[in-house]
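Working notes, beginning with the structure itself.
Remember, it's a predicted structure, so these values are computed and weren't measured experimentally. Every chain is numbered from 1, with letters handed out A, B, ... down the list of sequences.
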There are 2 protein chains.
Amino acid sequence: MKSNKRILLVEDDPNFGRILKDYLTLNNYEVSLAVNGIEGFEKFNRSDFDLCILDIMMPFKDGLTLAREIREVNELIPLIFLTAKNLKDDVLKGYKIGADDYLTKPFDSEILLAKIKSILNRKPNVSTEEKDTFEFEFGDFNFNSKLRILTHKEGESFKLSPKENQLLKMLVLNFDDLLPRDIALNKIWRDANYFTSRSMDVYIAKLRKYLDNDPSLKIINVHGEGFRLMKE
Amino acid sequence: MKSNKRILLVEDDPNFGRILKDYLTLNNYEVSLAVNGIEGFEKFNRSDFDLCILDIMMPFKDGLTLAREIREVNELIPLIFLTAKNLKDDVLKGYKIGADDYLTKPFDSEILLAKIKSILNRKPNVSTEEKDTFEFEFGDFNFNSKLRILTHKEGESFKLSPKENQLLKMLVLNFDDLLPRDIALNKIWRDANYFTSRSMDVYIAKLRKYLDNDPSLKIINVHGEGFRLMKE
DNA sequence: AATAGATATTAACATTTCATTAAGAAATTT
DNA sequence: AAATTTCTTAATGAAATGTTAATATCTATT
């Protein structure tokens, strides 16, 4: 059972942060831990999350400030605050910024889990930004990335695997332009190393096989840089 | 600065209920007070509210039971529970029913107000419920989701169980499109885990058996994503 | 309360899908 | 020519799904 929901956790106490991260990971969330507001904001901007859990009391940049910055960029992502005591003022400020909930430490982990579920449940896939664009035309193909189907006009249909699908989508979105290897690796494989890179090559090969049905389409390699989907 | 938002407050302690009602009224909400679950449900059905605040511990019909009944009729209305301190079990049950939040008594009225505001200000959920439509045609079938009957034209009729019915309805509402697994699980099973997921698979198998009567209809699996009811 | 019938969940096993890794060939750069 | 990067096929194991049957739970009626 994959949930694959991504949580950004910002907590300055390393012990507590680590434990909480592990606990959430055990419950099938993908958790990124930042130890202060500055790092938190960087991480937030570098990838897509479904929910943020922010400690309020932190050095350098406190959780409320961080929340305001996040809200400027993304006004929908659910925010949960952790407050040390029952600092009513913080709670009220939090709600004003647009918090979805808060928890006072110490809190019960099961309740946190229930809250997370409840929140993610009523705000379906916030992070799926490109929700509207899932249908593409290129060459002789029609490509539906939501249903993961690649159809050759007056030809056969291919069911794509999740990775094939993501990779093809990125290529199509950059049609005739370079898709840098490490960008694709970081987005799809969430990591860029020798092995993920080999894996990506395998998927390029698979996509090429599909695209053979329209001989005018090509996936060109730019040595050391990446790939380029093009016509002719 | 009139808000016009209507709140149903169900609280058996008459003193506390009265005070809370007055407090909310002062803050520009229109409050209807019921003193037990039975009266609460009657009031709920008699008019439209924007939010419900339910005490859990009540004679005759407790808040959780009331919440379940309300959820059957209206699956979107926000619910806030009031619970005595330390009743973790109640809290978890509440979330499972689809609570939006809970407060432990005694609570701070300003915080309650902040919560209410936060919940009511939430961007209205996109799901424009097609609550009223309960009769569908697809393939050779006529499907009445209110009576839970699936009829094959010039063929036999099937009485559907509640779960079969809900699942088929969601598939039909998303005809030819993806019905994401976790959306269906959260809506029908109110939880998404390994076991509910297996249960769902069993129901898909049952539906497929019914649909065999029109060989042009198929329920296709999109691996890792969900199912798709389609023709051809 | 007891029981039967309907409904829902869980178990078990088969099948399919998928991602990764290995391994050797080919291409490109130095 | 040596080193690096890319190409392609195949093998492997893990995870998701299909299916049937066995339990468990619920509901209505006696």
Which comes earlier along DNA chain C counting from the 5' end, the contact point of A:Trp189 or that of B:Glu164, where each point is its nearest nucleotide?
B:Glu164
What pairs of nitrogen or oxygen atoms, one from the protein and one from nucleotides 16-18 of chain C, lie under 3.5 Å apart?
from, atom 1, to, atom 2, distance (Å)
C:dC18, OP1, A:Arg148, NH2, 2.9

For A:Tyr194, which contact category applies under a 4.0 Å heavy-atom criterion: base, sugar-phosphate, or nothing?
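No contact at all - A:Tyr194 keeps every heavy atom at 4.0 Å or more from the nucleic acid.
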Checking all strands, does A:Asp201 fall into the base, sugar-phosphate, or nothing category for heavy-atom contacts under 4.0 angstrom?
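If one applies the 4.0 Å heavy-atom cut-off, A:Asp201 turns out to touch a base.
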Rounded to the Å, how far apart are [X] [atom1] and [N] [atom2]?
| X | N | atom1 | atom2 | value |
| --- | --- | --- | --- | --- |
| B:Phe158 | C:dA6 | CZ | P | 16 Å |
| B:Asn221 | D:dT19 | CG | P | 11 Å |
| B:Ile188 | C:dA8 | CD1 | C1' | 13 Å |
| A:Phe227 | C:dT28 | CZ | P | 13 Å |
| A:Ile204 | D:dT5 | CD1 | P | 17 Å |
| A:Phe195 | D:dT6 | CZ | P | 16 Å |
| B:Asp212 | D:dG18 | CG | P | 14 Å |

Once you measure the plane-to-plane angle for A:Phe138 and A:Phe175, does it fall in the parallel (<30°), tilted (30-60°) or perpendicular (>60°) bin?
tilted
Report the relative orientation of the aromatic rings in B:Tyr210 and B:Phe158; use parallel for angles under 30°, tilted for 30 to 60°, perpendicular for over 60°.
tilted
When you compare the side chain of A:Ile183 with that of A:Met170, does any pair of heavy atoms fall below 4.5 Å?
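In contact.
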Check whether any side-chain heavy atom of B:Phe81 sits under 4.5 Å from a side-chain heavy atom of B:Ile53, and report yes or no.
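A side-chain contact under 4.5 Å is absent here.
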Is the shortest side-chain N/O distance from B:Arg198 to OP1 or OP2 of D:dT17 below 4.0 Å?
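Checking D:dT17 against B:Arg198, no side-chain N or O comes under 4.0 Å of OP1 or OP2.
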With a cut-off of less than 4.0 Å, is there a side-chain N or O of B:Arg181 near OP1 or OP2 of D:dT17?
yes
Are more than 12 heavy atoms, taken from residues, nucleotides or ligands other than A:Lys159, located less than 6.0 Å from that residue's NZ atom?
no
Going by atom types only, do [X] and [Y] share a side-chain donor-acceptor pair under 3.5 Å?
| X | Y | answer |
| --- | --- | --- |
| B:Tyr95 | A:Lys117 | no |
| A:Asn121 | B:Asn186 | yes |
| A:Arg6 | A:Ser32 | no |
| A:Thr151 | A:Ser157 | yes |

Just the atom pairs and distances: protein N or O near nucleotides 9-13 of chain D's N or O, under 3.5 Å.
from, atom 1, to, atom 2, distance (Å)
D:dT9, OP2, A:Lys209, NZ, 2.6

Going through the distances and angles, do B:Asp177 and A:Lys146 end up as a salt bridge (Lys or Arg N to Asp or Glu O under 4.0 Å)?
CA-CA 9 Å; B:Asp177 198 1; A:Lys146 186 181 181 187; 3.1 Å; yes
Measuring from atom NZ of B:Lys93 to atom CG of B:Asp62, what distance do you get when rounded to the nearest 0.5 angstrom?
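So the NZ of B:Lys93 and the CG of B:Asp62 are separated by 8.0 Å.
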In degrees, rounded to 10°, what is the bend between the two ends of the helix from C:dA1-D:dT30 to C:dT30-D:dA1, using five pairs at each?
40°
